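Each remark here refers to the structure printed beneath this line.
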Amino acid sequence: MKFQRQRSREVGVDLTPLIDVVFLLLIFLMVSTTLPDDNQLNIQLPEADGEPMAVEAELIDLVVNAQGHYIVNGRTLINNRRQTLEQAIRDAAGDNSDLPFVITADARTAHEFVIRAMDVAGKLGFTKIKFTTDPTSDDS
């Protein structure tokens, strides 16, 4: 008589549910963990130990007020004619037309007076012309 042997099943543990549980625990821990808010770097910046230079740059400062009167380097002109303005700029600059030329105009200044100043500066050979506005003037 021949007995048939029963085939033995492989005995093993199914790891799939274990892996699922560990994965869910890992996700839970990642979500619930608070990270430190250290988004800043502690940097020690170098400090300058030099002294600031007290050199004042030479320039021609032309201010045109609301009435159209010119002030060249702090000196008020007697009238606003082209010849007077031209002579005052020549006196202030001498022969140096490479100086920066700054035109500061009031907000209520007529366009004519600013254009006249630009024209005189161009005629005298100034090429470094800058425009500013008067910060003390009212906007009314």
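All values below were derived from every heavy atom in this structure, side-chain atoms included, with hydrogens, water molecules and symmetry-related copies excluded. Being a predicted model, the structure only gives us computed values, none of them experimental.
- Between the side chain of T109 and the main chain of N65, a donor-acceptor pair closer than 3.5 Å is present.
- For D95, the CG atom sits in a loose shell: 12 or fewer heavy atoms of surrounding residues, nucleotides or ligands are nearer than 6.0 Å.
- Below 30°, between 30° and 60°, or above 60°: for F101 and F126 the angle between ring planes is between 30° and 60°, a tilted geometry.
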Item checked: Verdict with supporting geometry, V64 and H69, side-chain contact (heavy atoms from CB on, under 4.5 Å) -> CA-CA 6 Å; V64 187; H69 297 132; over 6 Å; no
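- By the rule that hydrophobic residues join a cluster once side-chain heavy atoms approach within less than 4.5 Å of another member, L62 and I129 end up as members of one cluster.
- Both V114 and L85 are members of a single hydrophobic cluster when ILVMFWY side chains are connected at heavy-atom separations under 4.5 Å.
- Linking ILVMFWY side-chain heavy atoms closer than 4.5 Å, directly or via other members, places L77 and L59 in two distinct hydrophobic clusters.
- A single hydrophobic cluster is not seen to contain both I115 and I71; linkage of ILVMFWY side chains at heavy-atom distances under 4.5 Å, directly or through other members, places them apart.
- With N73 contributing its side chain and D61 its backbone, the two residues share a donor-acceptor pair below 3.5 Å.
- Hydrophobic clustering (ILVMFWY, side-chain heavy atoms < 4.5 Å, transitive): L124 and F113 are in one cluster.
- The side-chain contact (heavy atoms from CB on, under 4.5 Å) search around D98 returns N96, not counting sequence neighbours.
- With values rounded to the nearest 0.5 angstrom, I60 atom CD1 is found 10.0 Å from D91 atom CG.
- Between T132 and V102 the shortest side-chain heavy-atom distance falls below 4.5 Å.
- To the nearest 0.5 Å, the span separating CZ on R116 from CG on N80 amounts to 5.5 Å.
- Among pairs with a residue in residues 67-86, those fulfilling salt bridge (Lys or Arg N to Asp or Glu O under 4.0 Å) read R82-D119, E86-R90, E86-K123, at least two apart in sequence or across chains.
- Proximity of a side-chain donor or acceptor of Y70 to a complementary backbone N or O of I78 within less than 3.5 Å is not detected.
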